[in-house]
Amino acid sequence: MPTPEAAPAATTAATATHCPYCALQCGMLLRPTPDGTAVTVEERADFPVNRGALCGKGRTAPAVLSSRVRLTEPLVRTHAGRLVPATWEEALDAVAAGLARTARAHGRDAVGVFGGGGLTNEKAYALGKFARVALRTSQIDYNGRFCMSSAAAAHQRAFGLDRGLPFPLEDVPRTGCLILVGSNLAETMPPALRHLTELKANGGTLIVVDPRRTRTAEQADLHLAPRPGTDLALALGLLHLVVAEGRTDEEFIAARTTGWEQARAAAMAHWPELVERITGVPVPRLREAVGMFCDAPSAMVLTARGPEQQSKGTDTVGAWINLCLATGRAGRPLSGYGCLTGQGNGQGGREHGQKADQLPGYRRLTDPAARAHVAGVWGVDPETLPGPGRSAYELLDALGTDVRALLLMGSNPVVSAPRAAHVEERVRALDFLAVADVVLSETAALADVVLPVTQWAEETGTTTSLEGRVLLRRRALTPPSGVRSDLEVLHGLAARLGVEKGFPTDPEEVFEELRRASAGGPADYSGISYARVEAEQGVFWPCPEGSPGEPRLFLDRFATDDGRARFAPVSHREAAETPDADYPLLLTTGRVVAQYQSGAQTRRVPELNAAAPGPFVELHPRLAARLGVDDGTPLAVTSRRGRAVAPARVTDTIRADTVFMPFHWPGEGRANSLTNPALDPVSRMPEFKVCAVRVEPA
Ligand SMILES: Nc1nc2c(c(=O)[nH]1)N[C@H]1C(S)=C(S)[C@@H](COP(=O)(O)OP(=O)(O)OC[C@H]3O[C@@H](n4cnc5c(=O)[nH]c(N)nc54)[C@H](O)[C@@H]3O)O[C@H]1N2
Ligand SMILES: Nc1nc2c(c(=O)[nH]1)N[C@H]1C(S)=C(S)[C@@H](COP(=O)(O)OP(=O)(O)OC[C@H]3O[C@@H](n4cnc5c(=O)[nH]c(N)nc54)[C@H](O)[C@@H]3O)O[C@H]1N2
Ligand code: SF4
Ligand SMILES: [Mo]
């Protein structure tokens, strides 16, 4: 199949685009090398979010375009069990046959689809449609479930709408006080660190809540280091003090919220001394935080994965939102709650239908009007659309039993899912696995068919950044001849499954359909076009036809039926697992600056590997002394799920009752061999950020 996008003319003109990795979606220029076979990254100073600044991952992103590390031809597993090169016809035939065979033998819901928050809006939309229309399975979900789903659920509950940041990032340095809860943005979004420096230069104050004194916490005026898994109690304790000290904004509460009495009563049950006992944060520090937050003329709370990746993440975020609402720090200029979304298209990826319960435009799959609208755009009978399916971990857990064939696009769960050894075993138990990827990830290596796809610089598509700003990545480079785009893959598979129409391969054509499908929904993109996005440095949704887009939400009313924000009646509860005699320590997990996610891409970049060569276990000197280990000693970390081995990194920046591991590596040092898949009851988010472990010299 010829690739539908015209190759750029042989020129050395640079293409303006965005980074393939995180949700900051830094602007960059890609300039073709003189022979036209590669691109180099240059600064793009005009894009306001990063003003030219890039982290090491962004600067080195072209390394993954090299055929030395990527896939350039389809692979099919032989009867002898080896993956060998195949033609595209053979590979797509094999995938379509594998999926169809399973559906025939075990029913449509025995075929699953797993997507990713790194996929462009066009791909996420097409993948959701492919599941519902071509496979007619309910079993689709994606890795965003592991990312910001708790914040999304809390957003919906409180504000009636889920856009990560209700204001552009440029507002952050102008607020009076910022509480950053469980975000290490100095490592996870380095160019955003500038906003913290500017905030302080403007006279604003910064509070960071993190069990570790991270590079981000180093910047703080006040660092609170709670025990992992206790942010809910911390937020309730702060609200208790706000009430006790008479610092609520009664006028705002009366005019713009509902549910205060219940939320207030719950907070009043959380005495500062009790909160100190639960969190380990001394009462004077709690008072200091309340003073800083309430004294400031405006204030924001931003959460990231620290408080969210917990089995009570939704309630925890709800408690931080309660704090904002009670003090009138929401729906006003330079004030509000926001979530720092993670993946390149973490925001857009959660809006257009790759989520188990969702239709495009952030519509609910159970809503008859939404089904009718989207079925109309798709040209199918609403009755044929399946209902909601399993959430990501539940889907992975069902592999090989209820779900017997899987199409995976844009995730590497063998490394990144909780209780990963079990997930790996489930993946191996599948009757059929097809993986579309740019590299042979640890999960792709287990597939029956591997489909090599084009990458960010080789294809056009939109992403929606953590600000809710829709951005365009333009194709800047001709892909190698052996690869096809994800849209071409879905087109080819749909045709083989008997659905000839409805899966175009031109991204702009897909976007035009997405516009219509999203029209009238909460995430309305109908007024957004490629031309507008390019002319305006991005367009903020919601953007109905004719709208300028909305950088700032909720200033007049919240998106609930009555326009009022809803307090969440939340109380503290323990993590699913707490330390005991057998597993006396807490493990928390997260990221380092030089590696991205499961590392599938960044572990293939020499410069990044030199900076972050492998896993480690961060622990406090007191704990190290008790265990009799030094910096570099190989440590065995054991939980109820499994065991991991990695060298000790001794540092006084972590609590003495907690160890930390980054999750970027497979094999012996895989942090997710240990993590607990206990799920949040609302968001179905696993508890990546807290489980009980035992640590000993290996
Ligand atoms: N370098 C790099 N950058 C990335 C990514 C990457 O893999 N590498 N991934 C991108 C993605 S998808 C995401 S989601 C974001 C994530 O961005 P962040 O949320 O900033 O990243 P994490 O390191 O997972 O977690 C942040 C902090 O939470 C702290 N923490 C752990 N447990 C708790 C707790 O119980 N409470 C609190 N308050 N804090 C806790 C950790 O110590 C850590 O410093 O980063 C994005 N950017
Ligand atoms: N212990 C622990 N585990 C965690 C977390 C944690 O904090 N702690 N964080 C969780 C979070 S927030 C996230 S977001 C997940 C992420 O974890 P994963 O879902 O594994 O994310 P990636 O490693 O980015 O995997 C993306 C895969 O898709 C491929 N890919 C990239 N672009 C494309 C594309 O356009 N098309 C296709 N077909 N493939 C593409 C990449 O090469 C890679 O193999 O990890 C979660 N796991
Ligand atoms: S901060 Fe994120 S978007 Fe910016 S260059 Fe780094 S990885 Fe890319
Ligand atoms: Mo994420």
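Here the structure is a predicted model, which means the values were calculated and not measured. Whatever order the structure lists them in is the order used to number ligands and atoms, beginning at 1.
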I'd like to know if [X] and [Y] make a salt bridge, using a cut-off of under 4.0 Å between side-chain N and carboxylate O.
| X | Y | value |
| --- | --- | --- |
| Glu442 | Arg670 | no |
| Asp231 | Lys312 | no |
| Arg305 | Glu308 | yes |
| Arg573 | Asp315 | yes |

Could you list the atoms of ligand 2 found under 4.0 angstrom from a heavy atom of [X]?
| X | result |
| --- | --- |
| Asn412 | 18 (P), 19 (O), 20 (O), 25 (O) |
| Val438 | 42 (O) |
| Ala600 | 43 (C), 44 (O) |
| Val453 | 36 (N), 37 (C), 38 (N) |
| Ala436 | 37 (C), 38 (N), 39 (N) |
| Met409 | 38 (N) |
| Val439 | 42 (O) |
| Ser441 | 44 (O) |

| request: Mind jotting down which protein residues get a heavy-atom contact under 4.0 Å with ligand 1? Chain and number order, please. | output: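 Its neighbours under 4.0 Å (heavy atoms only) are Cys22, Lys57, Cys147, Val181, Gly182, Ser183, Asn184, Glu187, Thr188, Val209, Asp210, Pro211, Arg212, Thr214, Pro228, Gly229, Asp231, Ala304, Arg305, Gly306, Gln310, Gly342, Gln343, Thr588, Gly590, Arg591, Val592, Val593, Gln595, Tyr596, Gln597, His664, Lys689, given by chain and number.
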
| query | Going through the checks in order, is the side-chain contact (heavy atoms from CB on, under 4.5 Å) test met by Leu440 and Leu75? | reply | CA-CA 10 Å; Leu440 192 67; Leu75 304 171; 4.2 Å; yes

Check [options] against [X] for a side-chain hydrogen bond (donor to acceptor under 3.5 Å, both in side chains) and give me the one that passes.
| X | options | answer |
| --- | --- | --- |
| Arg227 | Thr578, Thr279, Thr588, Asp657 | Asp657 |
| Gln25 | Arg473, His18, Gln347 | Arg473 |
| Lys123 | His352, Glu459, Gln354 | Glu459 |

| query | For ligand 2, is there an atom lying under 4.0 Å from some heavy atom of Lys123? | reply | yes

| field | Under-4.0 Å heavy-atom contact with ligand 2, by part of Asp486 that carries it | value |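 It is the side chain that touches ligand 2; the backbone stays farther off.
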
| So which bit of Val415 gets within less than 4.0 Å of ligand 2, heavy atoms only: side chain, backbone, both or neither? |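 Looking at Val415 and ligand 2, no heavy atom falls under 4.0 Å.
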
| query | Please walk me through it: do Glu577 and Val690 pass side-chain contact (heavy atoms from CB on, under 4.5 Å)? | reply | CA-CA 8 Å; Glu577 210 173 59; Val690 41; over 6 Å; no

| request: Test side chain to side chain donor-acceptor pair (under 3.5 Å) on Ser150 and Ser683 and set out the steps. | output: CA-CA 5 Å; Ser150 290; Ser683 67; 2.9 Å; yes

| request: Over all heavy atoms of both residues, which pair between His572 and His270 is shortest? Give the atoms and the distance, please. | output: N-NE2, 3.3 Å

